[in-house]
Visitor: 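I have a structure I would like to understand better, so I am pasting it below and will then ask my questions one at a time.
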Amino acid sequence: MRLKPGFFTLLLAGLLSACGADKPLATVDQVDLQRYSGTWYEIARLPQWFQRGCYDSTATYSLNEDGTVRVVNRCQREGKEPSEAQGTARVVPGSDNAKLKVRFDSWISRLLPTITEGNYWIIALDKNYQTVVIGEPSREYLWILARTRTLPDDQYQALLQLAESKGFPVDELQRNRDLQPEQ
């Protein structure tokens, strides 16, 4: 029995998709880091161990003299003082500032700096720099952020659809408003 050359291409494509190979994650074309600087409020996120119990989360970015970005993430946990994580982001060359590598300051990151860097890809950003969607290629991390504490539902739904179209498991998203402790 003789197999046609196209058979192997189809077989390889099937095997790759069965192994969970995702299509490449597209980012925005470019980001003006000066305009991006400032405080962003978390609207929704995929659950992460390091944010367990967090609500009222913010991310504040500022430019460093060396071209890196200072990152300060804050969150509130019920019955505790606000927690803060400080880090540094560096631009991935050739990405027009749409892809960053972020490292938070800890003993492990000082010991193994490049291993502890995480991908921070800007996959949606409105032209007025008021809403942003952050993700990374494995689709395990996703944040929807805004310059305001809340978003109108139609804007949120549009960002949700965009994230879903890029392969993120949006049914697992936690909205900040749903994370607030009961009063």
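Values below: all heavy atoms of this structure, side chains included; hydrogens, waters and symmetry mates excluded. Here, residue 1 is the first one in the sequence, and each next residue gets the next number.
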Visitor: Sequence neighbours left out, cut at 3.5 Å: what donor-acceptor pairs do the side chains of residues 60-77 make with other protein atoms?
Guide:
residue	atom	partner	partner atom	Å
T60	OG1	T39	OG1	3.0
Y61	OH	Y120	OH	2.6
N64	ND2	T68	OG1	2.9
D66	OD1	T68	N	3.0
D66	OD1	T68	OG1	2.5
R70	NH2	Q86	OE1	3.1
R74	NE	E84	OE1	2.8
R74	NH2	E84	OE1	3.2
Q76	NE2	K80	O	2.5
R77	NE	R52	O	2.8
R77	NH1	S83	OG	3.0
R77	NH2	F50	O	3.2
R77	NH2	R52	O	3.3

Visitor: How many angstroms lie between atom CD of Q48 and atom CD of E140, to the nearest 0.5 angstrom?
Guide: 7.5 Å
Visitor: When you measure from the side chain of Q130 to the backbone of N128, do you find a donor-acceptor pair of N or O atoms at a distance under 3.5 Å?
Guide: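 Between the backbone of N128 and the side chain of Q130 there is a qualifying donor-acceptor contact (under 3.5 Å).
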Visitor: Indicate yes or no for a side-chain donor-acceptor contact from N176 to the backbone of D56 under 3.5 Å, with no hydrogens or angles considered.
Guide: yes
Visitor: Taking side chain as C-beta onward, heavy atoms only, is V133 less than 4.5 Å from I144?
Guide: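 In short, these two side chains touch, coming nearer than 4.5 Å.
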Visitor: Do L125 and L33 sit in one hydrophobic cluster, given that two such residues count as connected whenever their side-chain heavy atoms are within less than 4.5 Å of each other, even indirectly?
Guide: yes
Visitor: First locate atom CZ of R139, then atom CD of E172, and finally report the distance between them rounded to the nearest 0.5 Å.
Guide: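 The distance works out to 14.0 Å.
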Visitor: With sequence neighbours excluded, tell me which residues meet side chain to side chain donor-acceptor pair (under 3.5 Å) with S57.
Guide: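 So S57 forms no side chain to side chain donor-acceptor pair (under 3.5 Å) with any residue.
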Visitor: Does any non-hydrogen side-chain atom of Y141 lie less than 4.5 Å from one of L46?
Guide: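 No, every pair of side-chain atoms sits at 4.5 Å or beyond.
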Visitor: Can you tell whether the side chains of D126 and R147 come within less than 4.0 Å, N to carboxylate O?
Guide: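 Salt bridge flag = no for R147 with D126.
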Visitor: Calculate, to the nearest 0.5 Å, the distance between atoms CZ and CG belonging to F168 and L160 respectively.
Guide: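 Atom-to-atom, F168:CZ and L160:CG are 12.0 Å apart.
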Visitor: For the atom pair CD1 (I134) and CZ (R45), what is the distance rounded to the nearest 0.5 Å?
Guide: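 The CD1 atom of I134 sits 15.0 Å away from the CZ atom of R45.
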Visitor: From D29 CG over to D96 CG, what is the distance, rounded to the nearest 0.5 angstrom?
Guide: 8.0 Å
Visitor: Tell me, do I43 and T131 make a side-chain contact under 4.5 Å, heavy atoms counted?
Guide: no
Visitor: Answer yes if L25 and V92 sit in the same cluster of Ile, Leu, Val, Met, Phe, Trp and Tyr residues linked by side chain heavy atoms under 4.5 Å apart, and no otherwise.
Guide: no
Visitor: Donor-acceptor pair, E136 side chain versus N119 backbone, under 3.5 Å?
Guide: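 No, the answer is negative, given that no donor and acceptor are paired below the 3.5 Å cut-off.
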Visitor: Assess the side chains of Q51 and E42: does a donor N or O sit below 3.5 Å from an acceptor N or O?
Guide: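 Side chains of Q51 and E42: pair found under 3.5 Å.
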Visitor: Hydrophobic clusters here meaning ILVMFWY residues chained together by side-chain heavy-atom distances under 4.5 Å, can you tell me if L142 and V102 are in one?
Guide: no
Visitor: How long is the span from the OH atom in Y36 to the CG atom in N97, to the nearest 0.5 Å?
Guide: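 Atom-to-atom, Y36:OH and N97:CG are 11.0 Å apart.
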Visitor: Are I123 and Y156 co-members of a hydrophobic cluster defined by side-chain heavy atoms under 4.5 Å apart?
Guide: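 Result: yes, single cluster for both.
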Visitor: Can you sort out the partners of D171 under side-chain contact (heavy atoms from CB on, under 4.5 Å), two or more places apart, ordered by chain and number?
Guide: P169
Visitor: Which atoms form the tightest heavy-atom contact between T27 and A98, and what is the distance?
Guide: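 Distance-wise, the nearest heavy atoms are OG1-CB, 3.6 Å.
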Visitor: When hydrophobic residues are tied together by side-chain contacts of less than 4.5 Å, even through go-betweens, does V28 share a cluster with L145?
Guide: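 Yes: a chain of side-chain contacts under 4.5 Å links V28 to L145.
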Visitor: How far apart are the closest heavy atoms of Y129 and Q30, and which atoms are they?
Guide: OH-O, 4.4 Å
Visitor: Backbone N or O of A26 within a donor-acceptor pair of the K166 side chain at under 3.5 Å?
Guide: yes
Visitor: Can you name the one residue among V132, L151, V170 that meets side-chain contact (heavy atoms from CB on, under 4.5 Å) with L159?
Guide: L151
